[in-house]
Number of protein chains: 2
Amino acid sequence: MNKPPNRTLTLRDVSEASGVSEMTVSRVLRNRGDVSDATRKRVLASAKALGYVPNKIAGALASSRVNLVAVIIPSMSNLVFPEVMMGINEVLEETELQPVMGLTDYTREKEEKVLYEMLSWRPSGVIIAGLEHSDASRAMLRASGIPVVEIMDVDGTPVDSVVGISHRRAGEQMGRAILKGGYRRIGFMGTTMPRDHRARKRFEGLTDVLGKAGVEIAEREFYSGGSALLKGREMTQALLGRDPDLDFLYYSNDLIGAGGLLWLLEQGYDIPAKIGLAGFNGLNLLKGLPRELATMDACRFEIGRRAAQIIADRAQPDADQAPQRIALEPKISYGDTLRRP
Amino acid sequence: MNKPPNRTLTLRDVSEASGVSEMTVSRVLRNRGDVSDATRKRVLASAKALGYVPNKIAGALASSRVNLVAVIIPSMSNLVFPEVMMGINEVLEETELQPVMGLTDYTREKEEKVLYEMLSWRPSGVIIAGLEHSDASRAMLRASGIPVVEIMDVDGTPVDSVVGISHRRAGEQMGRAILKGGYRRIGFMGTTMPRDHRARKRFEGLTDVLGKAGVEIAEREFYSGGSALLKGREMTQALLGRDPDLDFLYYSNDLIGAGGLLWLLEQGYDIPAKIGLAGFNGLNLLKGLPRELATMDACRFEIGRRAAQIIADRAQPDADQAPQRIALEPKISYGDTLRRP
DNA sequence: CTGAAAGCGCTAACAT
DNA sequence: ATGTTAGCGCTTTCAG
């Protein structure tokens, strides 16, 4: 038995074990340049026998190439972001880039801190949720000189590239569908999250369209934390308690919408004839409810894919560095809870 | 306006701008050693004015300290892991350690690859899901010489430390509760995931206990992919179609359990009198269903916390490096779908 | 309290 | 096809 090393192995160890220069070992391990087959085999054998694992820290410093992509998102408990990550992963897996995640908890202070940390690793690109950042964050992003893709939302001015949907338009679109469905007395439920700019934009789009038709939001209710499903129930009950004549409920996410739906069904409400419902996100979860909730797909997976693709493309030598703007088009899914025109 | 730099800033730039040596700048930026207040202020001002972001790659190489913790989990789409991550985050946030995530998609090949990638960054610790790894992975972990915490499961032989619950015992415990509830004709539903060792262990624990009481699993059904809620419905219908006399359904996760519950309620089944149900995980989502599904908490958040704590403790200079074994004790939550003894 | 020298482990660029 | 040299940007160590 070999005694395990008390320090980690270096190229030099492999070099000595195989009798070739460090440089040749390096070439073999990276599949670079011409190395004779015999040498290659010998080196590989030595490396494996020793259990050598290259030191990327040193490699990155020497080559000033870091195959990391910083992904900065608000939270993981919001079902939306894991799906974005999966899209990113799917694309980066085909490359040598690796995503590294940072969480902001929906606060600008943390975003700034996380961004600083991330940038200090000199990643090959940054994917960051939202278009609203502190001036300092924006300055860091610009000064970094690396590709930046802001995701989820396209309503605003990006630092560099942007991939998302227009939440304002999504709200407008839903507003139109609600009106066409003949609904007139509308309640709104959402999070109190002060920094949920995207929900705010949807809400503004909605109220705009309704307003132009002379319709106002009759009641609203906000929540934070806890089981979204349960909150959906509670808020729905509260809202209808205050105004029993509501004929449509718009939820800022599918989970509270599902809670509301379950409660309404238990109470025997006639959906979507007497009261209509819609959520937002297009969660897979909705398939399997007693009725399928009307919703709009936030294109989460695709957003992740496209953003990663931009970074991957730009990481190629002499790639086109022009900023991209990709606005995806979400479609309304009527499900069983929104009367069709 | 300053022209933005075409290369990234170095300590030298700050050194020149502030008129002190690079060494002193380095000390200021890391709050190390004694630096006069005047110098400190001057350096900080220059650094900020230039927009200097330290290069951790170089710092890590020079100090051979990398404040990264590799977290290797199967997937993000499984609701379980985001919660583990949140626990990890909560603890690491108080330290200067930063989690870096790697996904294995439940395959050993990817696990091995991801582990290799991660180790090549020389992290301060590894948190990895499960106890079942390839020999090569185990060898890498051991040879790395860094703290390793295997999480989720304690039924097996860890490389180093381990934090989790005994899934075998969880299955046994549920088996006993089922028997005490007076149920005798039991159906099982779960994933086909060949590598879901933890679900398998729960299943074994369950069948063991039932077997000793002369009770066998009457029917079983497996699924993969798609909306778990929907699959729960479909499998439940299929199972009861094949054997209408089943009086208990054990689901390997809460989401399919919730689907089954919804379907049974629609069909007018008498729960938990005529038929009992239980899931696994203790998802927050369950609060808000028409009835609360019986389940067992997998202690996800706490597992994350404890694992991170072990790494954080060991990262301290001259810390105790002895392997830890932390077996958390999940409790049954009877909800409204499991008859109490 | 501050600075100068040496080197972390690797790779780019240039030999041979 | 292989080796040599000179750093990458920082921190450690030792000297003032």
Side-chain angles (χ1 to χ4, degrees), chain A residues 5 7-44 46-47 50-68 96 117 119-124 144-145 317, chain B residues 5 7-44 46-47 50 52-67 96 117 119-124 144-145 317:
Chain A
R7 56 170 185 79
T8 74
L9 270 8
T10 69
L11 267 189
R12 156 161 247 125
D13 296 302
V14 183
S15 161
E16 281 167 3
S18 58
V20 293
S21 73
E22 292 183 39
M23 200 51 231
T24 300
V25 174
S26 171
R27 284 200 265 259
V28 170
L29 263 22
R30 287 176 299 143
N31 290 306
R32 284 282 169 79
D34 295 316
V35 182
S36 77
D37 230 46
T39 314
R40 169 178 310 281
K41 274 186 190 134
R42 202 139 39 86
V43 169
L44 253 18
S46 304
L50 292 171
Y52 172 72
V53 177
N55 185 333
K56 285 210 183 184
I57 301 278
L61 182 61
S63 64
S64 48
R65 253 194 295 278
V66 182
N67 59 350
L68 258 24
E96 46 180 20
E117 290 285 312
L119 289 179
S120 72
W121 287 103
R122 302 287 189 272
S124 296
S144 71
Chain B
R7 55 167 187 80
T8 74
L9 270 9
T10 69
L11 266 188
R12 157 161 246 123
D13 296 302
V14 184
S15 162
E16 281 167 5
S18 58
V20 294
S21 73
E22 291 183 39
M23 201 49 237
T24 302
V25 175
S26 171
R27 285 196 184 93
V28 170
L29 264 21
R30 286 177 299 143
N31 290 310
R32 283 285 168 79
D34 296 316
V35 181
S36 78
D37 229 47
T39 314
R40 170 180 309 281
K41 272 185 191 135
R42 204 141 38 86
V43 169
L44 252 19
S46 304
L50 292 172
Y52 172 71
V53 176
N55 185 331
K56 286 211 184 183
I57 300 278
L61 182 61
S63 65
S64 48
R65 255 193 294 277
V66 181
N67 60 349
E96 45 180 19
E117 289 287 310
L119 290 178
S120 72
W121 288 103
R122 302 285 188 270
S124 296
S144 71

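Note on naming: letters A, B, ... go to the chains in the order of the sequence lines (proteins, then strands), and numbering restarts at 1 for each one. In this text the structure is predicted, and so the values were computed from the model without any measurement.
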Next item on the list: Look at B:Ser26 and D:dT11 and indicate whether a side-chain polar atom (N or O) is within less than 4.0 Å of OP1 or OP2.
Entry: yes
Checklist line | For atom CZ of B:Arg30 and atom C1' of D:dC10, their distance in whole Å | finding: 8 Å
Item checked: side-chain N/O B:Thr10 vs D:dG9 OP1/OP2, d < 4.0 Å -> no
Checklist line | Protein-nucleotide distance (B:Leu29, atom CG; C:dT2, atom P), rounded to Å | finding: 14 Å
Next item on the list: Using a heavy-atom cut-off of under 4.0 Å over every strand shown, decide if B:Asn55 touches base, sugar-phosphate, or nothing.
Entry: sugar-phosphate
Notebook entry, point to check: Between A:Asn55 and A:Thr8, does a side chain to side chain contact (heavy atoms under 4.5 Å, CB included) hold up when you go through it step by step?
Noted result: CA-CA 9 Å; A:Asn55 185 333; A:Thr8 74; 5.7 Å; no
Next item on the list: Would you mind telling me which residue lines up with the more 5' stretch of DNA chain C, B:Arg40 or A:Arg65, judged by nearest nucleotide?
Entry: B:Arg40
Check: When all nucleic acid strands are considered with a 4.0 Å heavy-atom cut-off, which category describes B:Ser64: base, sugar-phosphate, or nothing?
Finding: nothing
Note to self: Please report the distance, rounded to the nearest Å, between CD1 in B:Ile57 and C1' in D:dT11.
What the structure shows: 15 Å
Note to self: Taking 4.0 Å as the cut-off, does a side-chain nitrogen or oxygen of B:Tyr52 come that near to OP1 or OP2 on D:dG9?
What the structure shows: no
Notebook entry, point to check: More 5' along DNA chain C: B:Ser63 or B:Asp34, using each one's nearest nucleotide?
Noted result: B:Asp34
Note to self: Contact between A:Glu22 and A:Val25 at the side-chain level, heavy atoms closer than 4.5 Å - yes or no?
What the structure shows: no
Next item on the list: Can you see which heavy atom on B:Thr10 is nearest to which on B:Tyr52, and at what distance?
Entry: C-CE1, 3.5 Å
Margin query: Given D:dC10, D:dC8, C:dT2, identify the nucleotide with an atom nearest to the side chain of B:Ala58.
Written below: D:dC10
Next item on the list: Let me know the distance between CD of B:Glu16 and P of D:dG9, rounded to the nearest Å.
Entry: 13 Å
Margin query: Measure CZ/B:Arg27 against P/C:dA4 and give the value in whole Å, please.
Written below: 11 Å
Next item on the list: Grab the CZ-C1' distance between A:Arg32 and C:dC10 for me, whole Å please.
Entry: 13 Å
Item checked: Separation of D:dA15 P from B:Met23 CE (nearest whole Å) -> 16 Å
Margin query: Tell me if the CD atom of A:Glu16 is crowded by more than 12 foreign heavy atoms within 6.0 Å.
Written below: yes
Item checked: Whole angstrom value for the distance that separates C1' of D:dG3 from CG of A:Leu11 -> 14 Å
Check: To the side chain of B:Ser36, which of C:dC1, C:dG3, C:dG7 is closest?
Finding: C:dC1
Item checked: Phosphate OP1/OP2 of D:dT2: any A:Thr39 side-chain N/O under 4.0 Å -> yes
Next item on the list: Kindly determine whether B:Val14 and B:Leu9 satisfy side chain to side chain contact (heavy atoms under 4.5 Å, CB included), including the steps that lead there.
Entry: CA-CA 8 Å; B:Val14 184; B:Leu9 270 9; 5.8 Å; no
